[in-house]
Amino acid sequence: MIDQRLLRNNPALIEEGLKSRGMKIDLGPLQKYCKELKELEEKRNLLQAQGNSIGKEVGQKIKQGFSQKSEEISNLRIKGNQIKKQVGLIEEEEKSITKKLNEQILCLPNLPEEDSLQGESEKDNKEIRRWGNPISGDHLKEHWEIANQLKLWDSERSSLIAKSRFVTLFNQAAKLERSLINFMLDLHVKKGYLEVLPPALVNTASLTGSGQLPKFAEESFKCADDDLWLTPTAEVPLTSLHRGEIIPSELLPLKYVAYSPCFRREAGSYGRDTRGLIRLHQFNKVELYFFSNPDKSKEALEQITLDAESVLQELELPYRVIQLCSGDLGFSAKKTYDLEVWLPGANAYREISSCSNCGDFQARRSQIRTKDNNKKNILLHTLNGSGLAIGRTMAAILENGQQSDGSINLPKALIPYFGSSKLKPE
RNA sequence: GGAGAGGUGGCUGAGUGGUUGAAAGCGGCUCCCUGCUAAGGAGUUACAGGAGGUAACUUCUGUCGAGGGUUCGAAUCCCUCCCUCUCCGCCA
């Protein structure tokens, strides 16, 4: 969420930030709401102070022996009632303005980092570095072709069970999925992350806190009879892990790693990536998360990105690191690096991880704070990164490890988890 | 899902309408005493937000699970919800 103080005092700065995301927005009305709210609050505090002193006065008078029915006391009562009415009116007004304000302010995205990479879209993103030696050739198959030959999964049966864009893994693929989850969790725990297994269902407050609601309701699956949604990413429960807390600065950064299934409706992507493991309604993901001191979050983003990269390196998968330009940033992000893995069958790099510094955006929505050097409460910064998306990792392993005999060579790091160095035709 | 009990400051726990933001104890902090430690003594100590001040601080508001209500005044009375514990039912 955008800082209301900034909105009151320096809306031009916000407009500039939003413009670099390609948004043109008149903040005038919002600014007006904020100012009105501030004035109403001051007015209400004043009245409440008066009301409080009347209450005290009545108490004192009664102690002195005045009767409940004496004129002095009934006069005070009348005065108190008047004040109460006025306060009630102000509160109603505050509520209605707050509602209007929230409808809009909760839909404003985060502002890009001050010295951010400017650009309109994907085409303006910048490659930061590459790793590994990508293989290529016309004979190389896409991962769903490999899957068919090795009988790794079955999409028709998945439609029978659920619908399209779900997958049911069999045999070697099921085990490989499980191996990848364990491998990634172990790797990150070794680097100092605390392992968490959060609920897969989250409430509306959690989704609002991390930025998915209210704007992207159509992207998540909602339970009909409860205030619960299927989590679209472990970023949501991890943010809410500390919602409303003030975390002592000496405990920061808090580093978490969580495995979770992720559920996305993928509304509006009907034609895209219909085959294979790239775009599904349900997929598994291992997520990295930082609660950071505000002045350390820039370094933290580099760290979380390196930690995500280390998974690809251990798995011997070539990749590149892309910095997203301002126009391509996600809703909650200030700065983002995407990791793109090489898929030789598709002859392309595909996103497999997204590492973002959200600054105080989610922290403000979720009221997660820490103390600064003067022991003042300040919002902390949150960061998240996939480490990694499991399905896409499996696709990359299949495509990169394919051999002419139809088998798949697995990365050495997986052998202890999978129990074999190859996927073999049945 | 049903029945009962409960949710108070960092912790334990008292408080059922009136200067109660809240007794007491523990813990924390400061000072004193003491060769060191232990013990002892004196004092101090909730949190959040706003306004003012460079600051120490001053001041206002709110907060006793959450949200409403009654009242001049609510931790205390009423309603709704959430959570915890015990028992029963169901279930992996």
Side-chain angles (χ1 to χ4, degrees), chain A residues 1-10 31 33-99 101-102 105 178 197-209 223-229 237 240-252 254 260-261 291 294 360 363-380:
Chain A
M1 191 162 66
I2 299 289
D3 186 4
Q4 287 194 33
R5 193 175 300 220
L6 190 63
L7 187 54
R8 284 200 308 271
N9 300 330
N10 199 349
Q31 196 192 9
Y33 291 147
C34 284
K35 284 191 170 160
E36 281 171 2
L37 274 181
K38 197 81 206 124
E39 285 165 22
L40 287 170
E41 190 194 342
E42 277 169 29
K43 224 158 125 187
R44 176 169 49 81
N45 281 346
L46 226 66
L47 283 169
Q48 279 169 333
Q50 284 174 37
N52 286 344
S53 77
I54 287 173
K56 273 183 190 161
E57 215 178 324
V58 174
Q60 279 169 3
K61 288 237 150 84
I62 286 171
K63 228 171 208 178
Q64 287 163 19
F66 283 84
S67 132
Q68 293 271 3
K69 287 180 179 156
S70 67
E71 200 177 323
E72 282 85 349
I73 289 190
S74 49
N75 279 341
L76 286 171
R77 278 205 185 127
I78 291 166
K79 228 163 142 190
N81 263 323
Q82 284 170 345
I83 288 172
K84 200 158 55 165
K85 256 183 213 149
Q86 291 179 59
V87 169
L89 286 174
I90 291 177
E91 279 175 344
E92 260 175 57
E93 208 176 334
E94 281 178 308
K95 257 186 207 163
S96 96
I97 295 177
T98 302
K99 197 176 159 225
L101 177 68
N102 278 342
I105 202 170
R178 180 156 56 92
L197 190 63
L201 271 63
V202 295
N203 58 32
T204 298
S206 297
L207 279 165
T208 307
C223 298
D225 296 328
D226 300 279
D227 176 32
L228 289 170
W229 309 63
S240 275
L241 207 54
H242 292 293
R243 181 145 48 87
E245 274 185 52
I246 297 169
I247 301 172
S249 62
E250 62 270 23
L251 296 182
L252 298 177
L254 291 176
S260 84
F291 293 90
D360 63 10
R364 180 172 295 105
R365 288 171 162 250
S366 301
Q367 281 302 299
I368 311 171
R369 291 172 287 180
T370 185
K371 301 211 179 261
D372 69 9
N373 291 336
N374 302 318
K375 298 195 172 169
K376 281 222 160 205
N377 294 326
I378 51 165
L379 295 165
L380 49 70

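Lettering of chains follows the sequences in order, A, B, ..., and the numbering in each one begins at 1.
Of all heavy-atom pairs between Gln31(A) and Leu7(A), the closest is CG-O, 3.3 Å. Nearest heavy atoms, Pro199(A) versus Pro237(A): O-CG, 4.1 Å.
Contact annotation for Lys79(A): no contact, since no heavy-atom pair falls under 4.0 Å across all strands. Contacts of Lys85(A) with the nucleic acid, taken as non-hydrogen atoms under 4.0 Å apart, are absent. Contact annotation for Glu91(A): no contact, since no heavy-atom pair falls under 4.0 Å across all strands. At the heavy-atom level, Gln60(A) lies under 4.0 Å from base atoms of the strands shown.
With C1' as the reference atom, U76(B) and U16(B) are 5 Å apart, rounded to whole Å. Straight-line distance between the P atoms of A39(B) and C26(B): roughly 12 Å, to the nearest whole Å. Taking atom C1' on both A75(B) and G6(B), the two are 15 Å apart, rounded to the nearest angstrom. The separation of C91(B) from G4(B), taken at their C1' atoms, amounts to 23 Å, rounded to a whole angstrom. Across the P atoms, G2(B) and U45(B) are found 48 Å apart, a figure rounded to whole Å. As rounded to the nearest Å, G9(B) and C90(B) have P atoms that lie 38 Å from one another. When the P atom is used for both U84(B) and C29(B), the distance is 34 Å, rounded to whole Å. Separating the P atom of C47(B) from that of C32(B) is a span of 26 Å, rounded to the nearest Å.
Across all strands shown, G89(B) has no partner, as no Watson-Crick or G-U wobble contact with both distances under 3.5 Å is found. Searching all strands for a Watson-Crick or G-U wobble partner of U61(B) with both distances below 3.5 Å returns A48(B). Under the Watson-Crick and G-U wobble criteria, each requiring two contacts below 3.5 Å, nucleotide G67(B) is paired to C79(B). Here U37(B) sits opposite no nucleotide as a Watson-Crick or G-U wobble pair (both hydrogen-bonding atom distances under 3.5 Å). C26(B) is paired with G10(B) under the Watson-Crick or G-U wobble criterion, all donor-acceptor distances under 3.5 Å. If you check G18(B) for Watson-Crick or wobble pairing at under 3.5 angstrom, you find it paired to C72(B).
Between the side chains of Arg364(A) and Gln4(A), no donor-acceptor pair is found at a separation under 3.5 Å.
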Any chance you could lay out the side chain to side chain donor-acceptor pair (under 3.5 Å) test for Thr208(A) and Arg365(A), step after step, and finish with the verdict?
-> CA-CA 7 Å; Thr208(A) 307; Arg365(A) 288 171 162 250; 5.8 Å; no
For Arg77(A) and Gln68(A), run side chain to side chain donor-acceptor pair (under 3.5 Å): C-alpha distance rounded to whole Å, both residues' side-chain angles, the deciding distance at 0.1 Å, then the answer.
-> CA-CA 10 Å; Arg77(A) 278 205 185 127; Gln68(A) 293 271 3; 2.8 Å; yes
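Taking the nucleotide of RNA chain B with the nearest heavy atom to each of Leu76(A) and Lys38(A), the more 5' of the two is matched to Lys38(A). Toward the 5' end of RNA chain B, the nearer of the two residues Gln68(A) and Asn45(A), judged by each one's closest nucleotide, is Gln68(A).
No salt bridge links Glu91(A) with Lys95(A); every basic N to acidic carboxylate O contact stays at or beyond 4.0 Å. In this structure, Arg44(A) does not pair ionically with Glu41(A), as no charged nitrogen and carboxylate oxygen lie closer than 4.0 Å.
Taking a heavy-atom distance under 4.0 Å as the criterion, the stretch of RNA chain B touched by chain A extends 5' to 3' from G18(B) to G73(B).
Here the options are Asp360(A), Ile368(A), Asp3(A), the test is side chain to side chain contact (heavy atoms under 4.5 Å, CB included), and the partner is Leu379(A); only Asp360(A) passes.
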